[in-house]
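All residue numbers refer to positions in the sequence shown, counting from 1. Since the model is a prediction, treat every value here as computed from it, not as a measurement. All values below were derived from every heavy atom in this structure, side-chain atoms included, with hydrogens, water molecules and symmetry-related copies excluded.
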Amino acid sequence: MSVLAVDGLSVAIGGTPVVHDVSLRVEAGECVALVGASGSGKTVTIRALLGLAAPGSVMRADRLEVAGLDTRSFSDRRWRTVRGSRVGYVGQEALGALDPLRPVGREVGDVLRLHTEMTARERADAVRDALAAVDLDPAIAADGRLAGTLSGGMRQRALIAAATIGAPAVVVADEPTTALDAGVAVRVMEQLRAAQQRGAGLLVVTHDLGLVAGWADRVVVMDGGRVVEQGPVADVLRTPNSDVTRALVAAAGLGIDSTPTRSDDSAAHGRETVLAATDLRKTYDGVEAVAGISFALRRGQVLGVVGASGSGKTTLVRMLLGLAEPDSGTVTLDGSPWAPLPERHRRGRRGRMAAVVQDPGATFDERWSVERVLADAMTDGAARRATGALGTRVDAALRQVDLDPVLRARSPLTLSGGQRQRLAIARALATTPDVLVLDEPVTALDATVQHAVLGLLERLRDETGVAMVVVSHDLRAVRRMADDVLVVHDGVAVEHGPADEVLLRPTHAVTARLVRAAEQLASGPGRPDRTR
């Protein structure tokens, strides 16, 4: 029985057609993966399916049934009675989906409060069980922990709990494992699979073909707003018929061992230290989030920072950027103090350190155009009025990250998740920084764009000597980019050394678990990769 049935779905935004004649099915107890390059129409499609189309959108469909209901004429009010109770939704960006000022327990439990007659005690028990199922401490539901205090990975898991707690007939998950370490990603997929085994249909939008190969039953490939191929996972990924699918499969390359690495790090040898952290420590609510981390980074060198969600990576990044002051320890930039230091003493050097954060959508002003975002990063307000030469620079910056300059007039919030991530990278590069700190720089990108963006970062490093700190759960990307790897667990650096040594021959149990989990995520729930 189909729990989601779509025929002839088309969507236009602002008069421009972006989705064309899409048809797909999700059966009860089935996992269907929707894949395609960034901007291919995946997110627009699923948001249209759930009554969440962007303002100004025009949608038509010959058939659109969700959990047995014809939803084509649903009002917003009618949709609110369906989402959560009959269909669960996990959006791309957890920061925007959760109210940072509300307790996590209330955010997860709202579905039960609005759509069931459970008592407060029953709801509280169900919330604790749902949090535990996605590897979150159930105590955060009782202690009033605010959603905004959670790490990116923890927020994503809370969204999974909220989407599945009401036992919906269909769960739609848009990049559910983005920004999660492999171990937690496996737990998240197991939780989604548990809903599937209870009879729910699962529609997963993802750029990760390894995840598709291991967990999905069927795959639908989109390009240019159209379905170009669909069928059983093994058939489509092993013998693709479409050039688009062939390109995605070719770029995906599964397994840490197959990842190309830098032949050596001679470019960094003999160069001066540009960024140094010495015994950094930071405590929140009595818990030491970072406990004595030190490292030195030379010009042209790339340091990869890996670890489970909540291990302290984001706190470390915030201290490096001067966004959080260490309780003790120091950060120096080009030999001069950087933290702790009053912001007025850092302001004149801000352009020498740039960042790409986990949730790019939350960092863009919805009133600004893509062009203004980049122009603001490149110049001051007075120079921005000289639009001729600056416009050429904006176009070049967009092309550099594989974005079409035609997007310059668009709001960043109308772009796909992958397009927003690339815009964030372009904005960070606009100041020609000495140090670039990248927090999950490619997790929202499809395999072909990941390859292009990583290549771009490599060229930037080689041509300019910029030093980089790459924080990521993607061990393949880290091994490709990094000279050295720092493994963080409970705020402590448990392993630090050359990328190949750490990721291929780990000596600490924490690192070994991360590597094993990455392999399990690609192979699926206790079965071999079905594409082989």
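In this structure, Leu9 CG and Asp21 CG are separated by 9.0 Å, a value rounded to the nearest 0.5 Å. Note that the CD1 atom of Ile13 and the OG1 atom of Thr16 stand 8.5 Å from one another [nearest 0.5 Å]. Rounded to the nearest 0.5 angstrom, Arg123 CZ and Arg106 CZ are separated by 11.0 Å. Separating the NE2 atom in His207 from the OG1 atom in Thr177 is a distance of 7.0 Å, to the nearest 0.5 Å. The distance from atom CG of Leu202 to atom CG of Leu4, rounded to the nearest 0.5 Å, is 11.0 Å. In this structure, the separation between CG on Asp217 and CD on Glu27 is 10.5 Å, given to the nearest 0.5 Å.
Side-chain contact between Leu521 and Trp215: present, with at least one pair of heavy atoms (C-beta onward) separated by less than 4.5 Å. Using a 4.5 Å cut-off on side-chain heavy atoms (C-beta onward), Val510 and Glu495 make no contact. Counting heavy atoms from C-beta outward, Ser472 and Glu440 have side chains that approach closer than 4.5 Å. Residues Met222 and Val22 form a side-chain contact, since some pair of their non-hydrogen atoms from C-beta on lies under 4.5 Å apart. You'll find the side chain of Val317 stays beyond 4.5 Å of the side chain of Val305, heavy atoms only. Put simply, the side chain of Thr315 does not reach to within 4.5 Å of the side chain of Leu280, judged on heavy atoms. You'll find the side chain of Tyr89 reaches within 4.5 Å of the side chain of Ile46, heavy atoms only. Taking 4.5 Å as the limit, some side-chain heavy atom of Val204 sits within range of a side-chain heavy atom of Cys31.
Using a distance-only test at 3.5 Å, with no hydrogens or angles considered, no donor-acceptor pair links the side chain of Lys313 to the main chain of Val487. Between the side chain of Lys42 and the backbone N or O of Val221 there is no donor-acceptor pair closer than 3.5 Å. In this structure, Asp70 contributes its side chain and Arg72 its backbone to a donor-acceptor pair below 3.5 Å. A donor-acceptor pair under 3.5 Å is absent between the side-chain atoms of Arg427 and the main chain of Val356, judged by distance alone. In this structure, Arg420 contributes its side chain and Leu415 its backbone to a donor-acceptor pair below 3.5 Å. Panel note: side chain Gln421, backbone Pro441; a donor-acceptor pair is recorded below 3.5 Å. When atom types are taken as modelled, the side chain of His115 and the backbone of Arg83 share a donor-acceptor pair closer than 3.5 angstrom.
With a 6.0 Å radius and a threshold of 12 heavy atoms from other residues, nucleotides or ligands, Arg281 has its CZ atom above the threshold. Annotation for Gln197: atom CD counts as buried by contact number, over 12 foreign heavy atoms lying within 6.0 Å.
A salt bridge is defined here as a Lys NZ or Arg NE, NH1 or NH2 lying under 4.0 Å from an Asp or Glu carboxylate O, and Arg145 with Asp137 fails to meet this definition.
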Exercise for review: Under the side-chain contact (heavy atoms from CB on, under 4.5 Å) rule, what do Arg128 and Leu131 come out as? Steps first, then yes or no, please.
Suggested key: CA-CA 5 Å; Arg128 284 193 293 270; Leu131 292 173; 5.7 Å; no
**Study point:** Evaluation steps, side-chain contact (heavy atoms from CB on, under 4.5 Å), between Arg218 and Arg25
**Key:** CA-CA 10 Å; Arg218 290 190 300 112; Arg25 299 283 187 280; 4.1 Å; yes
Check your understanding: Step by step, would you call Leu203 with Leu49 a side-chain contact (heavy atoms from CB on, under 4.5 Å)?
Key -> CA-CA 11 Å; Leu203 178 61; Leu49 298 181; 4.2 Å; yes
Review point. Please walk me through it: do Arg372 and Asp365 pass salt bridge (charged side-chain N to carboxylate O under 4.0 Å, His left out)?
Key: CA-CA 10 Å; Arg372 186 175 177 186; Asp365 189 324; over 6 Å; no
**Study point:** Full working for side-chain contact (heavy atoms from CB on, under 4.5 Å) between Thr116 and Glu122
**Key:** CA-CA 11 Å; Thr116 75; Glu122 290 170 337; over 6 Å; no
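Checked by atom type, the side-chain pair Arg47/Ser57 shows no donor-acceptor distance below 3.5 Å. Looking at Glu288 and Thr283, their side chains never bring a donor and an acceptor atom within 3.5 Å of each other.
Considering all non-hydrogen atoms of both residues, Leu146 and Pro100 come closest at CB-O, 3.6 Å. Here the shortest heavy-atom pairing between Leu403 and Leu423 reads CD1-N, 3.8 Å. The two atoms that bring Arg187 and Asp135 nearest to each other are NH1-OD1, 3.3 Å, heavy atoms only. The minimum heavy-atom distance linking Leu514 with Gly307 is given by the pair CD1-CA, 4.0 Å. Residues Ala289 and Tyr284 share a closest heavy-atom pair of CB-CD1, 3.9 Å. Taking every heavy atom of both residues into account, Leu98 and Ala158 meet most closely at CD1-CB, 4.1 Å.
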